[in-house]
Amino acid sequence: MSKVFVITGPSGVGKGTLIAELLRRVSGLELSISATTRQPRDGEIGGRDYHFLSAEEFDRRVKADDFLEFATYSGSRYGTLRSEVRDQLAADHSVVLEIEVQGARQVRAAMRESIQVFIAPPSPGILRERLRARGTDSAEAIDVRLEVAEQELAAQDEFAYRIVNDDLMRAAGELEEIVRTELGLPLHSEAE
Ligand code: ADP
Ligand code: 5GP
(Lines give C-alpha, C1' and ligand atoms only; values in the text may rest on other atoms or scores of the structure.)
(Ligands and ions follow the chains in the order given, each with its own letter.)
Protein backbone atom coordinates (compact mmCIF):
# COMPACT_ATOMS: atom_id res chain seq x y z
CA MET A 1 0.00 0.00 0.00
CA SER A 2 1.25 3.51 -0.81
CA LYS A 3 2.16 5.76 2.10
CA VAL A 4 3.15 9.33 2.82
CA PHE A 5 6.49 9.83 4.58
CA VAL A 6 7.21 13.20 6.17
CA ILE A 7 10.88 13.92 6.79
CA THR A 8 11.48 16.97 8.93
CA GLY A 9 14.19 18.56 11.08
CA PRO A 10 16.29 21.72 11.16
CA SER A 11 17.95 23.22 8.10
CA GLY A 12 21.41 21.76 7.53
CA VAL A 13 20.74 18.56 9.45
CA GLY A 14 20.97 16.49 6.26
CA LYS A 15 17.34 15.85 5.26
CA GLY A 16 17.98 16.35 1.55
CA THR A 17 21.12 14.19 1.62
CA LEU A 18 19.39 11.37 3.51
CA ILE A 19 16.35 11.46 1.22
CA ALA A 20 18.54 11.28 -1.89
CA GLU A 21 20.19 8.18 -0.41
CA LEU A 22 16.78 6.73 0.54
CA LEU A 23 15.48 7.14 -3.02
CA ARG A 24 18.56 5.30 -4.32
CA ARG A 25 17.96 2.44 -1.88
CA VAL A 26 14.19 1.94 -2.07
CA SER A 27 12.27 1.87 -5.32
CA GLY A 28 8.67 3.05 -5.69
CA LEU A 29 9.23 6.24 -3.68
CA GLU A 30 8.69 9.68 -5.19
CA LEU A 31 9.75 13.02 -3.76
CA SER A 32 7.04 15.67 -3.60
CA ILE A 33 8.27 18.86 -5.29
CA SER A 34 7.35 21.75 -3.01
CA ALA A 35 6.35 25.25 -3.99
CA THR A 36 8.27 28.20 -2.58
CA THR A 37 8.57 31.95 -2.92
CA ARG A 38 12.29 31.92 -2.15
CA GLN A 39 14.74 32.68 -4.93
CA PRO A 40 16.35 29.70 -6.69
CA ARG A 41 19.89 28.97 -5.54
CA ASP A 42 22.66 28.49 -8.10
CA GLY A 43 21.98 25.23 -9.90
CA GLU A 44 18.38 24.86 -8.74
CA ILE A 45 15.83 24.23 -11.46
CA GLY A 46 12.12 25.05 -11.35
CA GLY A 47 9.96 21.92 -11.48
CA ARG A 48 12.86 19.73 -10.31
CA ASP A 49 14.02 21.28 -7.03
CA TYR A 50 10.97 23.43 -6.32
CA HIS A 51 8.06 25.04 -8.08
CA PHE A 52 9.30 28.62 -7.76
CA LEU A 53 6.27 30.90 -7.41
CA SER A 54 5.85 34.65 -7.00
CA ALA A 55 4.31 35.80 -3.72
CA GLU A 56 1.10 36.62 -5.63
CA GLU A 57 0.89 33.21 -7.26
CA PHE A 58 1.57 31.46 -3.95
CA ASP A 59 -1.18 33.50 -2.33
CA ARG A 60 -3.59 32.71 -5.15
CA ARG A 61 -2.95 29.00 -4.70
CA VAL A 62 -3.44 29.26 -0.92
CA LYS A 63 -6.83 30.87 -1.55
CA ALA A 64 -7.69 28.17 -4.10
CA ASP A 65 -6.98 25.58 -1.34
CA ASP A 66 -4.30 23.98 -3.53
CA PHE A 67 -1.97 23.28 -0.58
CA LEU A 68 -1.99 20.25 1.70
CA GLU A 69 0.15 22.36 4.04
CA PHE A 70 2.10 25.61 3.88
CA ALA A 71 4.27 27.68 6.18
CA THR A 72 6.45 30.76 6.31
CA TYR A 73 10.07 29.91 6.99
CA SER A 74 12.94 32.36 7.20
CA GLY A 75 10.98 35.07 5.37
CA SER A 76 9.77 32.90 2.46
CA ARG A 77 6.71 30.75 1.96
CA TYR A 78 6.87 27.00 1.34
CA GLY A 79 4.08 24.54 0.69
CA THR A 80 3.12 21.07 -0.52
CA LEU A 81 0.64 21.08 -3.39
CA ARG A 82 -2.21 18.61 -2.91
CA SER A 83 -1.73 17.57 -6.55
CA GLU A 84 1.86 16.38 -5.88
CA VAL A 85 0.69 13.93 -3.25
CA ARG A 86 -2.59 12.97 -4.89
CA ASP A 87 -1.03 12.12 -8.28
CA GLN A 88 1.70 9.96 -6.78
CA LEU A 89 -0.66 8.04 -4.52
CA ALA A 90 -3.01 7.53 -7.49
CA ALA A 91 -0.07 5.98 -9.38
CA ASP A 92 0.57 3.63 -6.42
CA HIS A 93 3.78 5.41 -5.46
CA SER A 94 4.64 6.30 -1.90
CA VAL A 95 5.48 9.96 -1.43
CA VAL A 96 8.28 11.58 0.55
CA LEU A 97 7.78 15.14 1.82
CA GLU A 98 10.82 17.12 2.95
CA ILE A 99 9.27 19.92 4.97
CA GLU A 100 9.81 22.01 8.10
CA VAL A 101 8.09 21.37 11.42
CA GLN A 102 5.00 23.60 11.08
CA GLY A 103 4.14 21.89 7.81
CA ALA A 104 4.79 18.45 9.28
CA ARG A 105 2.23 19.22 11.99
CA GLN A 106 -0.35 20.21 9.39
CA VAL A 107 0.20 16.98 7.44
CA ARG A 108 -0.10 15.00 10.69
CA ALA A 109 -3.47 16.65 11.34
CA ALA A 110 -4.72 16.16 7.77
CA MET A 111 -3.31 12.65 7.23
CA ARG A 112 -3.06 10.81 10.52
CA GLU A 113 -1.72 7.81 8.64
CA SER A 114 1.37 9.73 7.43
CA ILE A 115 4.68 8.49 8.80
CA GLN A 116 6.63 11.24 10.49
CA VAL A 117 10.41 11.17 10.90
CA PHE A 118 12.44 13.85 12.66
CA ILE A 119 16.10 14.10 11.69
CA ALA A 120 18.19 15.40 14.60
CA PRO A 121 21.80 16.64 14.59
CA PRO A 122 24.38 14.88 16.81
CA SER A 123 24.85 18.31 18.48
CA PRO A 124 23.23 21.72 17.88
CA GLY A 125 26.64 23.23 16.98
CA ILE A 126 27.09 20.93 14.03
CA LEU A 127 24.19 22.58 12.17
CA ARG A 128 26.18 25.79 11.74
CA GLU A 129 29.14 23.81 10.47
CA ARG A 130 27.03 21.91 7.93
CA LEU A 131 25.22 25.03 6.73
CA ARG A 132 28.57 26.81 6.31
CA ALA A 133 30.06 23.83 4.49
CA ARG A 134 27.01 23.60 2.18
CA GLY A 135 27.78 27.15 1.07
CA THR A 136 24.26 28.01 -0.11
CA ASP A 137 23.30 30.57 2.53
CA SER A 138 24.78 33.89 3.67
CA ALA A 139 26.05 34.25 7.26
CA GLU A 140 22.89 36.25 8.07
CA ALA A 141 20.60 33.62 6.55
CA ILE A 142 22.43 30.91 8.52
CA ASP A 143 21.83 32.86 11.76
CA VAL A 144 18.09 33.03 11.04
CA ARG A 145 17.97 29.30 10.21
CA LEU A 146 19.78 28.46 13.47
CA GLU A 147 17.27 30.51 15.47
CA VAL A 148 14.41 28.57 13.89
CA ALA A 149 16.36 25.34 14.50
CA GLU A 150 16.17 25.87 18.27
CA GLN A 151 12.37 25.82 18.14
CA GLU A 152 12.37 22.86 15.77
CA LEU A 153 14.66 20.83 18.03
CA ALA A 154 12.30 21.52 20.93
CA ALA A 155 9.49 19.83 18.94
CA GLN A 156 11.29 16.56 18.15
CA ASP A 157 9.40 14.47 20.74
CA GLU A 158 6.20 15.01 18.74
CA PHE A 159 7.48 12.71 16.02
CA ALA A 160 6.94 8.97 15.84
CA TYR A 161 10.50 8.36 14.61
CA ARG A 162 13.73 10.21 15.36
CA ILE A 163 17.04 9.59 13.63
CA VAL A 164 20.32 11.22 14.67
CA ASN A 165 22.26 12.07 11.50
CA ASP A 166 25.77 11.50 12.81
CA ASP A 167 27.35 9.08 10.37
CA LEU A 168 25.53 9.50 7.05
CA MET A 169 25.47 5.85 5.99
CA ARG A 170 24.38 4.68 9.44
CA ALA A 171 21.54 7.24 9.53
CA ALA A 172 20.55 6.37 5.95
CA GLY A 173 20.36 2.71 6.98
CA GLU A 174 18.04 3.61 9.83
CA LEU A 175 15.79 5.65 7.54
CA GLU A 176 15.76 2.84 4.98
CA GLU A 177 14.76 0.35 7.66
CA ILE A 178 11.87 2.55 8.87
CA VAL A 179 10.56 2.99 5.32
CA ARG A 180 10.92 -0.68 4.39
CA THR A 181 9.22 -1.76 7.60
CA GLU A 182 6.31 0.66 7.08
CA LEU A 183 5.91 -0.50 3.48
CA GLY A 184 6.14 -4.17 4.43
CA LEU A 185 9.21 -4.63 2.21
CA PRO A 186 12.15 -6.95 2.97
CA LEU A 187 14.76 -5.08 5.01
CA HIS A 188 17.42 -5.34 2.29
CA SER A 189 17.10 -4.96 -1.45
CA GLU A 190 17.52 -8.04 -3.67
CA ALA A 191 20.74 -6.58 -5.10
CA GLU A 192 22.61 -6.88 -1.78
P1 ADP B 1 18.97 19.86 4.87
O2 ADP B 1 18.33 19.30 3.64
O3 ADP B 1 18.46 19.24 6.14
O4 ADP B 1 18.97 21.36 4.94
P5 ADP B 1 21.44 18.95 3.58
O6 ADP B 1 21.07 17.57 3.14
O7 ADP B 1 21.51 20.02 2.55
O8 ADP B 1 20.51 19.43 4.81
O9 ADP B 1 22.85 18.84 4.31
C10 ADP B 1 23.54 19.99 4.79
C11 ADP B 1 25.05 19.78 4.58
O12 ADP B 1 25.51 18.76 5.49
C13 ADP B 1 25.39 19.30 3.18
O14 ADP B 1 26.58 19.96 2.76
C15 ADP B 1 25.62 17.80 3.35
O16 ADP B 1 26.54 17.29 2.40
C17 ADP B 1 26.15 17.69 4.76
N18 ADP B 1 25.80 16.46 5.48
C19 ADP B 1 24.61 15.80 5.47
N20 ADP B 1 24.64 14.71 6.27
C21 ADP B 1 25.89 14.69 6.82
C22 ADP B 1 26.54 13.79 7.76
N23 ADP B 1 25.94 12.73 8.29
N24 ADP B 1 27.80 14.08 8.09
C25 ADP B 1 28.44 15.17 7.57
N26 ADP B 1 27.89 16.04 6.68
C27 ADP B 1 26.63 15.81 6.31
P1 5GP C 1 15.43 25.53 1.80
O2 5GP C 1 15.25 27.02 1.65
O3 5GP C 1 16.71 25.19 2.55
O4 5GP C 1 15.27 24.77 0.51
O5 5GP C 1 14.24 25.03 2.74
C6 5GP C 1 14.01 25.67 3.97
C7 5GP C 1 13.10 24.83 4.83
O8 5GP C 1 11.82 24.72 4.21
C9 5GP C 1 13.61 23.40 5.04
O10 5GP C 1 13.42 23.07 6.42
C11 5GP C 1 12.70 22.58 4.17
O12 5GP C 1 12.50 21.28 4.68
C13 5GP C 1 11.41 23.38 4.27
N14 5GP C 1 10.48 23.11 3.18
C15 5GP C 1 10.75 22.76 1.88
N16 5GP C 1 9.62 22.55 1.21
C17 5GP C 1 8.60 22.73 2.09
C18 5GP C 1 7.18 22.61 2.00
O19 5GP C 1 6.60 22.27 0.96
N20 5GP C 1 6.47 22.88 3.12
C21 5GP C 1 7.04 23.23 4.28
N22 5GP C 1 6.25 23.46 5.32
N23 5GP C 1 8.36 23.33 4.41
C24 5GP C 1 9.15 23.08 3.34
Side-chain angles (χ1 to χ4, degrees), residues 3-26 29-36 38 40-41 43-45 48-52 68-74 76-81 84-85 88 94-108 111 114-137 141-142 144-180 182-183:
K3 299 209 169 170
V4 173
F5 293 92
V6 175
I7 313 294
T8 193
S11 184
V13 76
K15 300 182 294 297
T17 309
L18 283 169
I19 290 171
E21 184 62 26
L22 175 69
L23 298 183
R24 272 193 288 274
R25 292 179 180 211
V26 183
L29 294 177
E30 294 291 336
L31 185 62
S32 160
I33 312 293
S34 294
T36 183
R38 94 153 155 65
R41 295 175 179 140
E44 282 185 333
I45 296 175
R48 183 192 72 182
D49 299 293
Y50 278 105
H51 302 291
F52 293 102
L68 172 62
E69 61 76 29
F70 60 92
T72 298
Y73 174 93
S74 193
S76 298
R77 301 183 86 184
Y78 295 80
T80 304
L81 292 163
E84 287 281 327
V85 175
Q88 296 299 349
S94 288
V95 192
V96 179
L97 309 187
E98 192 225 299
I99 62 179
E100 51 69 73
V101 165
Q102 305 167 74
R105 288 188 179 123
Q106 293 170 40
V107 178
R108 196 190 308 148
M111 307 182 89
S114 65
I115 295 128
Q116 303 236 336
V117 183
F118 188 94
I119 311 294
S123 70
I126 221 155
L127 288 177
R128 183 183 293 278
E129 247 172 66
R130 288 190 186 165
L131 284 171
R132 264 210 214 117
R134 191 171 71 183
T136 52
D137 299 276
I142 289 177
V144 176
R145 283 169 183 252
L146 291 175
E147 268 175 42
V148 179
E150 268 184 49
Q151 299 160 26
E152 296 191 311
L153 290 172
Q156 55 188 291
D157 290 349
E158 290 174 22
F159 294 87
Y161 293 104
R162 175 175 175 277
I163 297 174
V164 177
N165 183 19
D166 39 22
D167 175 75
L168 180 62
M169 286 302 130
R170 193 205 60 75
E174 217 176 299
L175 181 59
E176 179 184 8
E177 188 172 333
I178 290 168
V179 169
R180 285 184 177 277
E182 289 285 350
L183 292 176

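A donor-acceptor pair under 3.5 Å is formed between the side chain of K3 and the backbone N or O of E182. No donor-acceptor pair under 3.5 Å is formed between the side chain of Q106 and the backbone N or O of L68. Looking at K15, its side chain does come within 3.5 Å of a backbone N or O of G9 through a donor-acceptor pair. A donor-acceptor pair under 3.5 Å is absent between the side-chain atoms of T36 and the main chain of Y78, judged by distance alone. Q116 places no side-chain N or O within 3.5 Å of a backbone atom of A160 that could act as its donor or acceptor partner. Not a single donor-acceptor pair under 3.5 Å links the side chain of D166 to the backbone N or O of P122. Remark: side-chain polar atoms of E150 are not paired, donor with acceptor, to backbone N or O of E147 under 3.5 angstrom. The backbone N or O of A104 lies less than 3.5 Å from no partner atom in the side chain of E69, so there is not a single donor-acceptor pair.
If you take CG on L29 and CZ on F5, they are separated by 6.5 Å, rounding to the nearest 0.5 Å. Atoms CD1 and CZ, from I142 and R132 in turn, are 7.0 Å apart once rounded to the nearest 0.5 Å. Taken from OG1 in T72 to CD in E100, the straight-line distance is 9.0 Å, to the nearest 0.5 Å. If you take CD1 on I7 and CD1 on I163, they are separated by 7.0 Å, rounding to the nearest 0.5 Å. Put simply, CG on L18 and CG on L175 are 6.0 Å apart, with the number rounded to the nearest 0.5 Å. Note that the OG atom of S123 and the CD atom of E129 stand 7.5 Å from one another [nearest 0.5 Å].
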Intermediate values then yes/no, side-chain contact (heavy atoms from CB on, under 4.5 Å), V107 and T80: CA-CA 9 Å; V107 178; T80 304; 5.5 Å; no
Please evaluate residues Y73 and E152 with respect to the criterion side-chain hydrogen bond (donor to acceptor under 3.5 Å, both in side chains), reporting the C-alpha separation (whole Å), side-chain torsions for both, the decisive distance (0.1 Å), and the verdict. CA-CA 11 Å; Y73 174 93; E152 296 191 311; 4.9 Å; no
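Counted within 6.0 Å of CD on E44, heavy atoms from surrounding residues, nucleotides or ligands total more than 12; the atom is thus considered enclosed.
V13 and A120 make their closest contact through CG2-C, 3.5 Å (heavy atoms, listed as atom of the first residue, atom of the second, distance). The minimum heavy-atom distance between L31 and E84, with the atom names listed, is O-OE1, 4.4 Å. Closest non-hydrogen pair, L81 versus H51, comes out as CD1-CD2, 3.9 Å. Nearest heavy-atom pair across A71 and G103 is CB-N, 4.5 Å. When every heavy atom of G12 is checked against every heavy atom of L131, the shortest pair comes out as CA-CD2, 3.6 Å. Of all non-hydrogen atoms in N165 and G14, the two that sit nearest each other are ND2-CA, 3.6 Å.
For the pair R108 and V6, the minimum side-chain heavy-atom distance is 4.5 Å or more. Residues S32 and I99 have side chains not in contact (no heavy-atom distance under 4.5 Å, counting atoms from C-beta outward).
In this model, a donor atom of one side chain and an acceptor atom of the other lie less than 3.5 Å apart for T136 and R134. No hydrogens or angles considered: a donor-acceptor pair under 3.5 Å links the side chains of R145 and S11.
Salt bridge R24/E21: present, at least one basic N to carboxylate O contact under 4.0 Å. Of the charged side-chain nitrogens involved, none lies within less than 4.0 Å of a carboxylate oxygen, so that R162 and D157 do not count as a salt-bridged pair.
Taking the six-membered ring where tryptophan is involved, the planes of F159 and F118 are tilted, since the angle between them lies from 30° to 60°.
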